[in-house]
Amino acid sequence: MSAAPDPAGAPILKVEDLHVRFPVSGGLLGRKRILHAVSGVDLSVQPGQCLSLVGESGCGKSTTALAIMGLQPPSSGAITVEGRPVYGPGAPDRRARARLAQIVFQDPFSTLNPRETVGRALSQPLMLHGVRSRAERAERVATALRQVGLLPEHAARYPHEFSGGQRQRIGIARALILGPRLIVLDEPVSALDVSIRAQIINLLMDLQQNLGLSYLMISHDLGVVEHVSDRVAVMFAGQIVEEGGWREVFTAPAHPYTRRLIETIPNPARLTGGASEILPPAPEPPSGSVFWPPVDRRPDISQPPEPSVLMSIGEDHRVRVRKI
Amino acid sequence: QEVQRGGTLNFTAPYGSSVGTLDITASAEVQTEIVAHAMHRSLYKWNPETGKPEPDLFTEVSVSDDGLTYTYKLRSDAVFHNDKPFTADDVIFSYNRIATPATASPSANFISRINGFDEVQGGSATEMSGLKKIDDHTLEITFTASQDPGFDLMQNYVPIYPSNVDGSTQATQPVGLGPFRFVEHVPGSRVSFERFEGFFGQDDQPYLDRLNIMIMGEAAARDVAFRNREIDVSVLGSQQYQEYQADPDLSKGLLEVAELFTRVVGFDTTKPPFDDKRVRQAVNYGIDKQLIIDKLVKGKAFPAVGFMPTTSPAFDPNAQGYAYDPEKAKALLAEAGHPDGIDLPVIANQNESWGAPIVEAIIPMLSKANIRASVEPVENAVLEDRITGGDFTSFIWSLSSGPDPLNILRCFYSKTAQSACNYTKFSNPEVDRLYEAAQQERDEAKRNDLIRQADGIIREEAPYWFFNYNKAVMAYQPWVHGLKGNPQELAIQDYDKIWIDDTAPADRKPQ
Amino acid sequence: MGRYVLRRLLQMIPTLLAVAALIFLIFSVLPGSFAGTMTGGGRRALSPELVAQINAQFGLDKPLPVRFWDYLVRLVQFDLGTSFRTREPVIDLIAARIWPSLQLALAAMTLAVTVGIPLGFLAAMRPGSLLDSVTMIGAVSGLSMPQFWLGLLLMYVFALQLGWLPSFGYGDGQLRNLILPAIALGFAPMALLARTTRAGVLEVMSSDHIRTAMAKGDSSAQMVRWHVVRNAMVLIVTTLGLQIGSLLGQALVIEKLFSWPGLGSLMVDSVAIRDIPVVQGTILVIVLWFLVINVLVDLVYAAIDPRISLR
Amino acid sequence: MSGPLLDIRSLTIGIPNRAGPPLEIVRDLSFDIMPGEVFGLVGESGSGKSASALALMGLNRRPLTTLRGQALYGGQDLLAMPRRSMRKLRGNRISMIFQEPMTALNPLARIGRQIAEMFVLHRGLSWSEARPRAVEALAAVQVPNPEDRARAYPHQLSGGLRQRVMIAMAMACRPDLLIADEPTTALDVTVQAEVLRLIRELCEREGTAVLLISHDLGVIAQMCQRVGVMANGRLLELRDARALFTDPRHPYTRGLLAALPRLGSRATEGRHRLADLDMTIDRNAPDFAATHLIPRGEPA
Amino acid sequence: MHIPFRLNLTLGLALVSLVILGAVFAPLLTSHDPILDADLMNSEMPPSWDHWFGTDSQGRDVFARVLYGARVSLTIGIVAQAINSTIGIALGLSAGYWGGWWDDVVNGLTNLMLAIPSLVFALAIMAVLGPGVISLLIALGLTNWSWSCRITRSAVMSLKSQGYVQAARTLGYGDIRIMLTQLLPNIVGPVLVMATLGIGEAVLAEAALSFLGLGIRPPAPSWGNMLTDAREAIRSVPWATIFPGLAVFITVLGFNLLGDGVRDWLDPRMQVRA
Ligand SMILES: Nc1ncnc2c1ncn2[C@@H]1O[C@H](COP(=O)(O)OP(=O)(O)OP(=O)(O)O)[C@@H](O)[C@H]1O
Ligand SMILES: Nc1ncnc2c1ncn2[C@@H]1O[C@H](COP(=O)(O)OP(=O)(O)OP(=O)(O)O)[C@@H](O)[C@H]1O
Ligand SMILES: [Mg+2]
Ligand SMILES: [Mg+2]
């Protein structure tokens with residue numbers, strides 16, 4: 001893998017050459033096929049930073065997230081969180097991993113157990129992690145609720161007594177309760193409507209600032225991504241096709257897929273003559289190569305991807321190309 | 001009324017929901033016996049009126065002086081359904097087949113007194129030496145004991161099969177000498193027969209064209225079918241007996257007979273406290289059997305005096321049974337050293353007239369006599385296994401008590417195994433002596449007298465609570481004639497003598 | 001598809017072996033023995049020699065593992081053994097009963113399907129209506145009625161009172177003999193099907209594509225015909241399959257009551273006298289039937305639901 | 001034609017309540033749609049957009065009931081129309097596409113047949129006559145290989161294709177009005193753009209008016225000429241689209257626009273907190289002045 | 001919470017409470033003893049002021065036996081079904097959650113239990129253990145769990161990919177804890193419905209086993225053995241069968257309706273997410 005600039009020392013999350021393949025059976029004849037959901041993804045998140053992973057539906061974002069959380073064993077590749085491997089012989093157990101990284105899921109409705117009060121959902125993990133004193137647990141639950149802008153009294157309520165935005169806050173509180181330094185956000189706002197979305201984004205930014213959290217945020221909403229991330233990785237058909245600092249990616253998108261994503265975002269700003277109405281012209285790929293994979297011909301993920309490399313085109317900006 | 005020929009009779013086989021095999025030598029089930037009697041004949045036949053065996057397949061017999069050798073002059077007019085004429089070979093074939101250990105025939109008991117039986121069973125011979133063919137129609141049989149062989153050889157269980165047919169096919173394609181020829185077996189539903197024209201009986205017999213034996217284990221279903229005139233004959237349980245008696249029409253067609261069965265609660269006479277005869281007597285005194293018979297059995301039984309039933313030649317008409325006397329029962333118990341009473345656990349099956357319901361009824365009665373009875377209901381197969389295996393304190397059952405009283409007395413002989421039929425492990429030197437004497441006695445009246453004496457001792461010793469002798473009841477449609485009360489088993493009729501008149505339903509009446 | 005069916009059939013083998021082993025085990029710990037029933041219910045004295053002969057003839061004197069092994073060896077040669085009771089090959093006993101048994105099961109199922117499903121549909125079309133309440137309470141009542149009483153009731157009404165049909169027996173396999181036992185047996189599945197159908201139809205009716213159909217301007221009748229029937233079938237087929245599958249084994253009370261020559265009564269009779277080879281055989285056939293129906297159900301699924309692929 | 005195609009007056013939808021006054025989900029909604037116009041209805045989730053649209057089609061499920069109001073279409077009141085005549089209009093003159101393309105199609109019927117149904121229902125064709133027309137309709141929504149696709153089942157198509165099928169179905173009879181209830185919410189951004197473009201092209205070609213419902217201001221901005229903003233069952237503002245986005249009048253609308261992270265804004269404005277609209281309007285207020293904003297989030 | 005009026009729920013509740021109250025307050029409702037007050041002199045008396053439901057062939061009061069029989073039959077129904085549900089839920093939960101070979105094993109076992117007529121199992125267990133309430137509970141409790149298992153399993157399979165289950169895993173919950181605290185509470189609905197239906201079935205099954213003489217030990221009353229004892233007398237002593245028959249019917253009907261009602265009642269709540 002290519003060495004990324006390393007300003008703040010060791011990365012908190014490092015994903016190297018991650019592959020996830022699913023066996024699926026298709027058709028009447030029951031022939032087995034292999035789905036290459038994730039094919040060679042490298043990522044690293046520096047402490048206190050937010051890396052966003054964008055890409056269309058089904059390109060492998062969630063699979064990557066699940067792999068990082070230890071919920072989806074990879075076919076190959078290595079994942080380390082705070083220097084400790086997630087899989088393999090030296091991996092900490094489920095409970096120890098829980099204190100390293102946490103995840104917030106996309107759908108605020110299904111992420112909370114409808115039969116469990118919020119207080120219980122938050123204090124159970126504490127108990128599990130050795131917080132014996134009831135008072136201390138209550139105290140930490142209250143703190144977590146306050147951190148996400150809810151009231152300690154809310155602990156006694158059931159999830160269905162909350163609105164979608166509030167539930168997403170509870171989801172975040174639950175992710176915070178064990179004090180992890182890395183939080184994976186799998187489309188944390190895409191199910192919410194505009195006004196609530198803003199609340200959550202604000203909340204996430206506040207928390208990052210106050211607690212020094214690192215985020216891996218997954219989204220396909222570029223408006224949100226541009227707003228919160230430090231670095232952006234664009235994913236397409238199981239591979240990273242463009243990666244760099246947010247400014248590089250948004251002001252000078254190189255890969256045709258990234259450009260298309262930005263182009264197609266419906267944006268009221270367009271109506272009112274906002275800034276990014278016209279994208280800057282696309283940079284040329286390095287000579288002797290083409291941007292890869294081509295967007296008009298979507299790669300078949302039941303085949304292994306054709307060989308290609310991520311090539312640096314700027315100081316902190318890399319794009320996937322293929323030699324011709 | 002004049003006998004009419006033709007028509008179809010729908011007879012019922014009321015015990016269980018199927019006929020197993022059609023080969024009666026491989027089965028001990030009444031269902032099969034009911035069917036077999038239509039197709040097969042044995043050397044002797046049973047005369048229900050005299051209660052004695054009679055010649056059937058032979059015309060004459062001479063007995064040697066020692067009473068061991070019988071020379072039979074066989075019928076010359078008998079023919080099998082496959083047109084083979086009946087000869088001495090067929091008898092020899094049939095008996096040897098039963099004796100062969102490979103057939104594991106439950107009928108073997110009945111021919112075990114023929115000379116050479118043990119050798120065949122032991123495997124040292126393939127044919128019994130006691131069977132000797134003199135000519136085609138003369139047969140000589142030698143026995144090991146001088147007991148009358150008629151009772152054994154009249155059994156439906158020892159029929160004569162044709163010697164030119166492989167015995168193993170008898171299970172599905174039976175061939176016999178009887179009045180009806182096998183047509184079809186729908187397992188679990190019915191067995192059908194047609195008249196065998198070559199039957200050796202009187203010329204016009206059998207009267208019926210067709211005979212269907214319907215398998216109907218459910219009394220309620222039998223009741224509906226009988227009332228609906230779909231079956232011509234139905235065997236009744238006690239509840240239906242009462243209902244049919246009360247019905248002005250149905251009550252006209254009831255055939256009752258005192259059957260040779262004694263219903264009892266048996267005790268293991270070696271297990272305390274039942275090793276004490278006073279305890280066993282106490283039980284007998286403690287139960288009001290008449291009340292149970294009246295109320296629960298609806299009068300479909302005769303109160304028992306001793307073991308031998310009223311229809312047995314060894315029955316003692318002067319004997320007195322145990323009267324209902326709870327005080328006496330209590331006193332006897334106290335005398336036997338049980339002033340606080342005893343426990344009486346009874347294993348029972350679900351039979352309404354000799355199973356758990358009866359025990360339920362005696363529980364409150366015995367409790368007045370300080371006997372704490374209880375019932376342990378078990379499946380029939382388990383009941384039989386536990387009784388023959390001796391795994392009980394007491395049991396309630398219905399035991400065969402005829403037709404040959406000597407054979408019945410053998411069940412009280414101390415040398416008879418518990419599993420054979422001495423279920424109570426009864427042992428009394430006086431009864432043993434009387435049994436041995438009766439075995440030797442060739443005069444029938446004297447023999448019966450000895451047996452009667454033994455029965456008296458048994459009554460006194462009370463290895464059983466003597467409950468009742470069964471009254472079998474059969475309901476028949478008004479167009480059915482020629483049924484006879486067979487005290488061995490009412491459902492086994494001489495089908496060749498049954499006829500129906502033209503008031504029968506259209507599809508069955510004689511044309 | 002052929003390969004799929006073959007694979008499914010092969011998969012049945014371990015199940016059948018497990019059944020065989022299970023039954024073997026059950027009957028080895030069950031009290032009561034076949035030889036014991038040879039007393040004919042107190043009629044006959046049982047000689048110890050006979051018991052020994054019978055046990056020797058049927059191999060009952062051998063230790064259990066040996067017997068089981070022998071059984072398996074014969075089983076893989078499609079030999080179900082010999083009945084203790086009739087001493088005939090078990091396969092023959094089953095063969096004699098299988099057609100009447102299937103006849104009864106299929107007739108009962110036909111009744112259940114032709115009455116239960118339409119009733120369920122009608123009830124679902126007007127949920128909360130009088131028809132709905134009456135049908136559903138009727139259906140529940142049908143499930144609350146012991147088969148025996150229902151059978152008896154039918155006999156009384158249709159045979160004795162009305163005289164329309166014979167009350168019992170197989171006759172020569174005519175339809176008239178089949179009707180009453182089929183109704184008695186089919187009543188509970190019918191009730192269950194009516195309920196499942198109602199639930200299934202209601203579920204389909206509340207699904208989004210029905211709203212689409214309504215937005216397209218379909219009338220109720222068109223909607224039911226084009227968009228409900230088939231979709232509801234997907235939900236009904238499971239219940240139907242399980243019902244058909246278990247019907248062979250559930251018919252025993254009815255078979256006994258109506259003197260119907262079916263497998264169920266053969267099984268119960270054989271259990272009662274511990275005729276183990278026959279019990280084994282009948283249960284294996286009943287289980288086989290169940291499994292085959294399961295495969296059929298899956299095939300039917302695949303036929304009506306294009307989303308399902310056979311794996 | 002000069003007058004409005006559809007004129008909705010004081011539409012009120014509620015849940016009847018035995019014990020007291022009905023709970024009104026939508027209250028006094030009035031707006032009109034001109035022929036050929038794309039009219040947008042925006043508002044947060046649960047503000048009553050779908051309920052209103054379904055009321056027009058007469059498709060609201062119990063317990064929702066139309067309590068008051070009129071929806072005049074060619075002089076007839078859709079809300080008071082007999083079921084039979086309503087059925088003739090549905091799909092034929094007024095058609096509808098739903099949010100979830102995954103479940104809105106019958107999973108067990110072939111695509112072609114589901115489209116052909118429209119011709120059978122409203123044009124009186126036989127199934128065999130309707131089939132080629134269904135293929136044409138598929139071609140019209142730019143489905144590649146329409147012949148093959150007509151034989152496919154819904155699950156064999158991607159979400160975008162399915163939504164095209166829905167559009168083909170809705171447009172099959174060239175309706176006067178197409179109601180599109182969040183037609184792209186379930187879709188990916190790139191697919192969403194294609195589907196929206198398609199709707200616009202088709203409607204321009206056929207002169208069909210569109211009632212487009214969404215909570216995505218971007219979608220509305222891109223598609224509509226006039227926009228109504230709904231909150232909590234009330235219509236707050238009804239404006240020309242450009243005017244609404246440049247100069248929102250109602251504080252609630254202003255809040256909504258401010259809460260939107262705008263692409264490109266970070267470069268100019270830096271990483272800032274988004275305006276947080278934690279308010280909704282009081283459903284029972286007599287008018288919609290700013291003073292009637294109330295805190296939200298305490299569900300009943 | 002507002003519970004709308006529903007016919008099945010109300011009727012089901014009414015019938016079930018009727019039966020349960022009858023069983024609980026049996027000694028207050030009748031002065032006759034169901035076992036000891038046997039008097040053959042008084043047998044088969046038609047219903048009268050003294051014997052509301054008449055007397056049976058042993059001269060016992062049918063009303064008292066129906067009431068006391070309810071204790072036995074209901075205990076059997078409820079406890080046996082509780083055992084079934086427990087087994088079914090435990091197997092279904094673990095199989096659905098873990099999948100893999102364990103799922104295959106459980107699935108095979110479920111199929112086996114469905115395929116083999118449950119009477120055979122029950123028969124075997126009863127024959128080995130002997131008659132009595134405990135054996136009945138075991139026999140009926142071990143043989144009818146396949147439905148609960150299936151339903152639990154399929155519910156778990158659809159629930160286990162839900163966010164909160166995944167979240168619980170990332171929070172370090174152990175598998176068993178996830179099953180018990182996260183999954184179990186969310187499947188109680190359908191399982192409860194299954195259970196109410198199963199109670200009715202168990203009551204009927206007890207009757208069926210009594211038919212074969214494998215019920216509880218007479219003379220203790222249960223509806224099953226009352227029906228069996230009196231079935232021959234259905235014409236002449238109809239009250240001895242009709243009343244216990246009615247009791248079975250009412251109970252099964254009640255539990256069935258209750259199950260239906262519970263399902264209908266749970267349904268809308270599942271659809272409307274606050
Ligand atoms: N358990 C699984 N078994 C088989 N295929 C799977 C599985 N999970 C995911 N996939 C497939 O892997 C691919 C990537 O899925 P993934 O959920 O990671 O996409 P995503 O980028 O998160 O999409 P979305 O934006 O829709 O959430 C998809 O084609 C999906 O169908
Ligand atoms: N069947 C129903 N029963 C009771 N309340 C309902 C029902 N359907 C909708 N509602 C309520 O009516 C209100 C309006 O719902 P509607 O579906 O019209 O909202 P919407 O604006 O379309 O929202 P979304 O953007 O989420 O689709 C909501 O508060 C909703 O909870
Ligand atoms: Mg995802
Ligand atoms: Mg909506």
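Throughout, protein chains are lettered first and strands after them, A, B, ... in sequence-line order, and every chain is numbered starting at 1.
Both the backbone and the side chain of B:Leu399 come within contact range of chain C, judged by heavy atoms closer than 4.5 Å. Only the side chain of B:Phe110 has a heavy atom closer than 4.5 Å to any heavy atom of chain C. Residue C:Leu50 touches chain B through its side chain alone, counting heavy-atom pairs closer than 4.5 Å. Looking at B:Leu383, neither its backbone nor its side chain comes within 4.5 Å of chain C, counting heavy atoms on both sides. For chain C, the nearby part of B:Met214 is the side chain; its heavy atoms alone come within less than 4.5 Å. Looking at B:Gln31, neither its backbone nor its side chain comes within 4.5 Å of chain C, counting heavy atoms on both sides. B:Ser18 touches chain C through backbone and side chain together, each having a heavy atom under 4.5 Å away. In this structure, the portions of B:Val224 lying under 4.5 Å from any heavy atom of chain C include both its backbone and its side chain. Interface remark: B:Ser419 contributes backbone and side-chain atoms alike to the contact with chain C (heavy atom separation under 4.5 Å). Heavy-atom distances place the side chain of B:Asn109, and not its backbone, under 4.5 Å from chain C. Residue contact with chain B, scored on non-hydrogen atoms closer than 4.5 Å, involves the backbone and the side chain of C:Arg85 alike. For C:Leu152, the part sitting under 4.5 Å from any heavy atom of chain B is the side chain, from C-beta outward, and nothing else. Neither the backbone nor the side chain of B:Ala108 comes within contact range of chain C; no heavy atom of the residue lies under 4.5 Å from a heavy atom of that chain. Only the side chain of B:Asp223 comes within contact range of chain C, judged by heavy atoms closer than 4.5 Å. In this structure, chain C has no heavy atom under 4.5 Å from any part of B:Arg229. Proximity to chain C is limited to the side chain of B:Thr172, based on heavy atoms less than 4.5 angstrom apart.
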Practice prompt. Walk me through it: do B:Ser401 and B:Thr262 pass the test side chain to side chain donor-acceptor pair (under 3.5 Å)?
Written response: CA-CA 6 Å; B:Ser401 48; B:Thr262 305; 2.8 Å; yes
Discussion item. Set out, in order, the CA-CA distance, both residues' side-chain angles and the distance that settles side chain to side chain contact (heavy atoms under 4.5 Å, CB included) for C:Ile183 and C:Met190, then state yes or no.
Written reply: CA-CA 9 Å; C:Ile183 295 178; C:Met190 179 180 89; over 6 Å; no
Worksheet entry | C:Asp61/C:Asn55 under side chain to side chain donor-acceptor pair (under 3.5 Å): CA gap, chis, key distance, verdict | CA-CA 6 Å; C:Asp61 48 351; C:Asn55 287 343; over 6 Å; no
Item to complete: Verify side chain to side chain donor-acceptor pair (under 3.5 Å) between B:Tyr157 and B:Glu33, making sure each step is shown before the conclusion.
Response: CA-CA 7 Å; B:Tyr157 297 106; B:Glu33 204 182 340; 2.7 Å; yes
Item to complete: Output, in order, the C-alpha distance, side-chain angles, deciding distance and verdict of side chain to side chain donor-acceptor pair (under 3.5 Å) for B:Gln121 and C:Gln53.
Response: CA-CA 9 Å; B:Gln121 285 268 295; C:Gln53 276 172 11; 2.7 Å; yes
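Contact annotation: the side chain of B:Leu260 never approaches that of B:Tyr469 to less than 4.5 Å [non-hydrogen atoms, C-beta and beyond]. Using a 4.5 Å heavy-atom cutoff, the side chains of B:Glu29 and B:Tyr15 are not in contact. Looking only at side-chain heavy atoms (C-beta outward), B:Asp152 and B:Arg113 come within less than 4.5 Å of each other. Two residues are said to be in side-chain contact when any heavy atoms from C-beta on lie closer than 4.5 Å; B:Pro14 and B:Ile34 meet this criterion. At a threshold of 4.5 Å between non-hydrogen side-chain atoms, the residues B:Asn349 and B:Trp354 count as touching. Counting heavy atoms from C-beta outward, C:Asp70 and C:Lys62 have side chains that approach closer than 4.5 Å. Put simply, the side chain of C:Phe168 does not reach to within 4.5 Å of the side chain of B:Glu218, judged on heavy atoms.
Along residues 283-291 of chain C, no residue comes nearer than 4.5 angstrom to chain B, judged on non-hydrogen atoms. Contact annotation for residues 99-109 of chain C against chain B (heavy-atom separation below 4.5 Å): no residues qualify.
Among residue pairs with one or both ends in residues 171-188 of chain C, those qualifying as side-chain hydrogen bond (donor to acceptor under 3.5 Å, both in side chains) are B:Arg190-C:Asp172; sequence neighbours excluded.
Remark: side-chain polar atoms of B:Asn422 are paired, donor with acceptor, to backbone N or O of B:Phe426 under 3.5 angstrom. Panel note: side chain C:Gln57, backbone B:Ala102; a donor-acceptor pair is recorded below 3.5 Å. Within the 3.5 Å criterion, the main-chain N or O of B:Lys425 finds no donor-acceptor partner in the side chain of B:Gln418.
With chain C as partner, the option from B:Ala420, B:Pro101, B:Ala104 having the largest number of non-hydrogen pairs under 4.5 angstrom is B:Ala104. Ranked by heavy-atom pairs shorter than 4.5 Å toward chain C, the options B:Ala26, B:Cys421, B:Ala171 are led by B:Ala26. For the set B:Ser27, B:Pro106, B:Ser400, the count of heavy-atom pairs under 4.5 angstrom toward chain C peaks at B:Pro106. Ranking B:Glu184, B:His185, B:Met216, B:Arg222 against chain C, the residue ahead of the rest is B:Met216, based on heavy-atom pairs under 4.5 Å. Across C:Tyr170, C:Phe34, C:Trp260, the residue that shares the most heavy-atom pairs under 4.5 angstrom with chain B is C:Tyr170. Interface summary for chain C: among B:Leu22, B:Asn351, B:Thr388, B:Val30, the most heavy-atom pairs under 4.5 angstrom belong to B:Val30.
Ion pairing of C:Arg274 with B:Glu379 is present here, as a side-chain N (NZ or NE/NH1/NH2) and a carboxylate O approach within less than 4.0 Å. Using a 4.0 Å cut-off between a side-chain N of Lys or Arg and a carboxylate O of Asp or Glu, B:Arg227 and B:Glu243 qualify as a salt bridge.
Taking B:Arg97 as the reference, B:Asp23 meet the salt bridge (charged side-chain N to carboxylate O under 4.0 Å, His left out) condition, with sequence neighbours excluded.
Residue B:Val35 forms a side chain to side chain contact (heavy atoms under 4.5 Å, CB included) with just one option from B:Ile213, B:Ile215, B:Ile24, and that option is B:Ile213.
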